[in-house]
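As structure tokens, the structure follows; a few thoughts come after it.
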Amino acid sequence: MRVLLLGSGGREHALAWAIAKSPLCEKLFIAPGNPGMSGLGALVPLKLDDHAGIIAFGRENRIDLVVVGPEAPLVAGIADAIIAAGMRVFGPSKAAAQLEGSKDFTKSVAVAAKAPTAAYQTFTSLAPAVQYVREQGAPIVVKYDGLMAGKGVTVAESIGEAVEALETLYASEPAARVVIEECMIGEEASYFCFVDGETVLPFGAAQDHKRVFDGDKGPNTGGMGVYSPPPVFTAEMEQRALDEIVRPVAREMVKRGMPYRGILFVGLMITATGPRLIEFNCRFGDPECQVLMLRLEDDLLPILNAVSRGQLAGVTARFREESAVGVVMATKGYPGSYPSGTPIGGLEAAAAMPGATVFHAGTKLVDGQLVSAGGRVLTICATGRDLPEARQSAYDAVAKVDWPEGFCRSDIGAKGLAHLKG
Ligand code: AMP
Ligand code: GLY
């Protein structure tokens, strides 16, 4: 197969790593990719919002499958455009990608499917939203209804904090649509399922660390580190998530005439009463994808191919019994403002550590020197027989990275260890 992978982050580096080693893969193109991926395929300078350019490239290069990494092109309808051009794509349609693109849409689907999720109301102006917050009390969650890269959510500890978030939002966007919902208490897990209409293939879970600092302090980020599998997501929780959330939602999407076809990222809160839906994403998680790809025993490409053909039924996916940990290294200042172009060294030594794999996210080459080019810059991963071993190896590899402007959390996986200790 000739494959075109779209994206340039750590998630896409891991996807490229998995696709490139498939015996089915004859040629891999990556657009635009990053320097870490250059050994895995040919990097092509295409812009992800240039659907016509991507389709033209696909035709000229006889691409059999386009794999879309990030959400923005999916929400903008790139899968529909590729299919209309007579090519095959891995990634949901624009209509189905609303499961990530609109929180209000997701909530309405969850309610119709009777999937357990936080009670909510949607607002389009400030005064009624503030009144609702005062009626409900704190803690309460305020969500901007649109794509905000994980930064449009305020988990407010007080009514004042929620009102302030609403005032700030409506000051900058007077017609904003806002979802206000009940704050759920528990531990989060990221669960992944390939979905093809009503056919669901469970694809494992991971636990991300959303806050920027140790001990889950500071603002939310795109994710500062991850481990898999998470002990909090027991086999019983997985069965309930499938029966109560994923399968009914897949059926509801088919019923609405917008069958979901792709990877469904199910953001869950594991509460005292069971798994409850926080959100869906229409793509793999970043950094969740990195650790799932490391643990995946089977070939990824036939699965992506089957989903794109609507032939997922009967396909299986096996994972190794080991653990994997991914530590995100970010530029100091992230998720606020940060410098660009700071030199990075030591990655070969890091990758040479036992069990370690280095995935690039925001890097670029300037005159042969690798430098930072983003907030989240690297995911330093390792596998091990169990979580303590994987975690030790990941941090041993982190210690080899020579990047004075970078930082990471030092407690990735600690919550999982606490479970293991009972
Ligand atoms: P989202 O963009 O919907 O994933 O929200 C970002 C983060 O906010 C989630 O990963 C949770 O940590 C938190 N969050 C969102 N909704 C809720 C909720 N209803 N209750 C508690 N925490 C939430
Ligand atoms: N790591 C969370 C996400 O990809 O949205």
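Source: prediction; values computed, not measured. Note that ligands are numbered from 1 as they come in the structure, with each ligand's atoms numbered from 1 the same way.
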Relative to ligand 2, is Glu288 under 4.0 angstrom through side chain, backbone, both or neither, heavy atoms considered?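 Side chain only; the backbone of Glu288 stays clear of ligand 2.
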With a 6.0 Å cut-off on ring centres, are [X] and [Y] close enough?
{"X": "Tyr191", "Y": "Phe233", "value": "yes"}
{"X": "Phe319", "Y": "Phe203", "value": "yes"}
{"X": "Phe123", "Y": "Tyr132", "value": "yes"}

Could you tell me which atoms of ligand 1, counted from 1 in the order shown, lie closer than 4.0 angstrom to a heavy atom of Lys103? 1 (P), 2 (O), 3 (O)
Under a 4.0 angstrom heavy-atom cut-off, which atoms of ligand 1 come close to Met269? 21 (C), 22 (N)
Close N or O approach (Met184, ligand 1; < 3.5 Å):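 Right, the criterion is met.
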Heavy atoms only: which of Glu100, Glu188, Arg283, His209 lies closest to atom 3 (C) of ligand 2? Arg283
Is Gly267 close enough to touch ligand 1? Criterion: a residue heavy atom under 4.0 Å from a ligand atom.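 Under 4.0 Å: no for Gly267.
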Using a strict 4.0 Å cut-off to heavy atoms of Gly285, name the atoms of ligand 2 that fall inside it. 4 (O)
Would you check the N or O atoms of Asp286, main chain and side chain alike, for any that come under 3.5 Å of an N or O of ligand 2? yes
Under 3.5 Å: N/O of Gly222 near N/O of ligand 2: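 Looking only at distances, the answer is yes, because the N/O contact criterion of under 3.5 Å is met.
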Please state which part of Lys143 comes within less than 4.0 Å of ligand 1, counting heavy atoms only: side chain, backbone, both or neither.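 It is the side chain that gets close, since no backbone atom is under 4.0 Å.
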So, does Pro287 sit close enough to ligand 2 that a heavy atom of it is under 4.0 Å from the ligand?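 It does; at least one heavy atom falls under 4.0 Å.
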Within a 6.0 Å radius of atom CD on Glu348, are there more than 12 heavy atoms belonging to other residues, nucleotides or ligands?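 No, because the 6.0 Å sphere around CD of Glu348 holds 12 heavy atoms or fewer from other groups.
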Atom CZ of Arg320 with >12 non-hydrogen neighbours under 6.0 angstrom: yes
Assign the ring pair Phe265 / Phe192 to parallel, tilted or perpendicular, where the plane angle (0 to 90°) is split at 30° and 60°. tilted
With Arg276 as partner, the option from Glu181, Glu182, Glu187 fulfilling salt bridge (Lys or Arg N to Asp or Glu O under 4.0 Å) is Glu182
